[in-house]
Amino acid sequence: MFHRLEETLAGIFSKHLEKRYGWRNAVVFEQPRQPEFGELALPVAFQLARTLRRPPRAIADEIVREIGAIEGVAALEVAGAGYINIRFDRGRYARSLIEGLPPEECAVADGKIIVEHTNINPNKAAHIGHLRNAVLGDTFVRILRARGRRVEVQNYIDNTGVQVADVVVAFERLLGKTPEEVAAMTADPAVRFDYFCWDLYARISAHYREHPETLAWRQQALEAIERGEGETARMAAIVSDAIMRAHLATMWRLGIVYDVLPRESEILHLKFWAAAFELLRERGAIRYETEGKNAGCWVMPAAAFAGDDAGGEGGEDGKVIVRSNGTVTYVGKDIAYQLWKFGLLGKDFHYRPLLTYPNGHRVWVSSEAPGDEPAPEFGRGSRVYNVIDSRQSYLQDIVAAGLRALGFEKEAENSIHFAYEMVALSPRCAAELGFELDAEERRRAYVEVSGRKGLGVKADDLVDKLIEKALEEVVSRHPQEPPEKQRDIAAQIAVGALRYFMLKYTRNVVIAFDFQEALSFEGETGPYVQYAVVRARSIFRKLAERGESVPDYAAELDAGALERQLRSEDFWQLLLTASKTDAVLERAIAVGEPAHAAKYAFQLAQAFNNFYHEHPILAEPDRERRTFLLWLADYVRAQLERTLGVLGIPCPEYM
RNA sequence: GCGCCCGUAGCUCAGCCGGAUAGAGCAGCUGGCUUCGAACCAGCAGGCCGGGGGUUCGAAUCCCUCCGGGCGCGCCA
């Protein structure tokens, strides 16, 4: 509601200012900190003052006088040195909230948005860094969808890379396992396969460090896997497939699902790279070096991605895309994949359904040959968000530059690196995990997670810990409830705590992970917000227990009654905050910051908790007021539930 | 050397498309459960917004510069 009124007002002011003063800039309102200044403020008179060479106050007066009465607005006031403060008509505003709004016509540009996230190497269990990626990506997807965008979720599986090769080498050379034996392990419920590989990966990494000559094993395995034939390739498929499924299961615990899983193996075997290479070569985006240190390679000139003044010593050489031995680098494959996402490659995968989630959603995986079932159309996006940590920004720049060099300016512009900083471990956390830190590491604010060292917090371990802790609370508060139910509630609280924890930080700060903070259920946390919803619901449960039905708000509360009740500033501010959900979500999309939605949920919960505490609703003797309070509580509850849904945080029945 | 990120209360962080008195949470102290649930609420205390310069009627916010910390910059993925 707030969002729509704001847009309407922006339209009215924009039209007036353009006609009267030739003002062509966007009309941007601010929301004053002090409630006494109204709901929206417009500082445009300050900007006009310069060109008009008149005092801002006089201009503001003039605008207010000339623009006249506006529907839904109670008053326009000039304040301070020249602000135009806007006060909504409270009764009317609330009334339209009760009546509900006709559905918004989607003013959003059509076309599909692709969000790629998670992208975990399928060679070991997921850790908390991966969780940040997946939660950020999934929440952004939910925000986009809540605001009417069409979105496709991709999770790229690098099933032929070095990391998989390393684990395969470990199985073959360190453990002497056959593909059949490994397959048996993946089917054995007693073996936690992704955890097993976590340790195994650390082992083979240590082995390489101690015996560098054995690195040849990796190269051999890599080549075998890329060819896709033989024992080693078979082993790689078994390992990566099992781990991929483990990752899907881990993410499902947090409510995270995907639409399609494009795999590296298909990118190779369906010759995506060959098609991309032809394009790049034809259009001169890469060139063959005949001398210098990159002799024999196909190279993207530095000028393409490093800016105009890229005269530095190192930058002049450009970025190798095809090695002198004829193989393509990682970034080259990435360019091909990015082209496919926009439908620019002239090639497509085949697909087959991989699995159906318990909620009925189906995820598809790329395949070399056509499947039995017709697949939905994937790819062909108009905008692509790559959720990848900020350490990859250099490579992401090169991918975008590749598109630009091919003449796909618009697509390069719509290739968005949705970057975030890493999740590291606080020194205390690393110590708790049993890792020895040297003096230097202990001095630091945080220690980097390292899969090769096996240093990190596994995602499932963290979720388990959260459930265990939540369960203690649930059991102590609701000892009579059946154990399965208690556990289910505890799991919902755990998900709430974890997702909120990952979302409360903005994307560009490093999270120094600490169990004490992550396991907190008090203060600015997911459970705090969930608790507000549970309390709100309990009012209505109590109402029903007393044999009363929910009043017919629309019949009992006319604009006059609403106006009377909303003279209370507390009620008005709560209602206003609750009505800002869509405005907040749009803002979160515009700046690409899911944290805004999380912060909003917390603020609304906080406002509600205050209200809840101060105003016993069911005990209210005055009928109009009681009905109003019920409506307000109901409206806030609905908005909170919706926001939690967007954050992927479940609302438990009780807690 | 070049590029990106961070520096705001004891700690962890919001606020940064310039705007009116800089906000939360945690920790600390004080008070509040016979009421719709205390995973809560209220209050107190806590700030040269890293330093300096500039732009502006106005700077935590934009520009420059310096300092401190982190991450990148391979024919690795």
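What you are looking at is a predicted structure, and each value in this text was computed from that prediction instead of being measured. Note on naming: letters A, B, ... go to the chains in the order of the sequence lines (proteins, then strands), and numbering restarts at 1 for each one.
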Pairwise [atom1] distance for [N] and [M], with rounding to whole Å:
N       : M       : atom1 : value
rC64(B) : rC2(B)  : P     : 14 Å
rG50(B) : rA59(B) : P     : 15 Å
rA38(B) : rG32(B) : C1'   : 9 Å
rA39(B) : rA22(B) : C1'   : 29 Å
rG19(B) : rC63(B) : P     : 14 Å
rG52(B) : rC17(B) : C1'   : 26 Å
rA45(B) : rA24(B) : C1'   : 16 Å
rG25(B) : rA9(B)  : P     : 16 Å

Salt bridge present between [X] and [Y] (N-O < 4.0 angstrom):
X       : Y       : answer
R537(A) : E653(A) : no
R477(A) : E473(A) : yes
R391(A) : E448(A) : yes
E548(A) : R626(A) : yes
E441(A) : R443(A) : no

field: Heavy-atom side-chain contact between Y528(A) and F602(A) under 4.5 Å
entry: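 Y528(A) vs F602(A): side chains touch.
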task: Report yes if some heavy atom in the side chain of E421(A) is under 4.5 Å from a heavy atom in the side chain of V509(A); otherwise report no.
output: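 The answer is no, as the side chains (C-beta and beyond) never meet within the 4.5 Å cut-off.
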Just to be sure I understand the rule, does [X] reach a base, reach only the sugar-phosphate, or reach nothing, if contact means heavy atoms closer than 4.0 Å?
X       : value
E30(A)  : base
A26(A)  : nothing
H417(A) : nothing
F521(A) : base
Y394(A) : sugar-phosphate
Q34(A)  : base
L395(A) : base
A45(A)  : nothing
I321(A) : nothing
Q606(A) : sugar-phosphate
F540(A) : nothing
E448(A) : sugar-phosphate
V474(A) : base
Y446(A) : sugar-phosphate

- request: Nearest-nucleotide wise, let me know which of E522(A) and F602(A) is further upstream toward the 5' end of RNA chain B.
  value: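 By nearest-heavy-atom nucleotide position, the 5'-most residue is F602(A).
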query: Taking for each residue the nucleotide of RNA chain B bearing the nearest heavy atom, is the 5' side occupied by E36(A) or by R477(A)?
result: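 On the 5' side of the pair lies E36(A).
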Complement of [N], any strand, by Watson-Crick or G-U distances under 3.5 angstrom:
N       : value
rC36(B) : none
rU61(B) : none
rG74(B) : none
rC13(B) : rG23(B)

message: Set out, in order, the CA-CA distance, both residues' side-chain angles and the distance that settles side chain to side chain donor-acceptor pair (under 3.5 Å) for Y420(A) and R132(A), then state yes or no.
response: CA-CA 9 Å; Y420(A) 62 92; R132(A) 188 180 195 182; over 6 Å; no
task: Within residues 611-621 of chain A, find the residues that approach RNA chain B with a heavy atom at under 4.0 Å, and present them sorted by residue number.
output: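 Residues of residues 611-621 of chain A that come under 4.0 Å of RNA chain B are, in numerical order, Y612(A), H613(A), H615(A), P616(A), I617(A), L618(A).
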- prompt: Can you name the nearest heavy-atom pair linking R507(A) to A419(A), along with the distance?
  reply: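 For R507(A) versus A419(A), the nearest heavy atoms are NH1-O, 2.8 Å.
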query: Which atom pair, heavy atoms only, marks the closest approach of A497(A) to P527(A)?
result: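 A497(A) and P527(A) have their closest heavy atoms at CA-CD, 3.6 Å.
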task: Before giving the answer on side chain to side chain donor-acceptor pair (under 3.5 Å), spell out for T329(A) and R323(A) the whole-Å C-alpha distance, their side-chain angles and the decisive distance to 0.1 Å.
output: CA-CA 7 Å; T329(A) 58; R323(A) 305 180 187 105; 5.7 Å; no
message: Reading RNA chain B from 5' to 3', where do the contacts with chain A start and stop? Cut-off is 4.0 Å to heavy atoms.
response: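 Reading along RNA chain B, I get rC5(B) to rA77(B).
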task: Check the pair F513(A) / Y446(A) against ring-ring contact (aromatic ring centres under 6.0 Å, His included), numbers first and verdict last.
output: CA-CA 8 Å; F513(A) 183 84; Y446(A) 49 78; over 10 Å; no
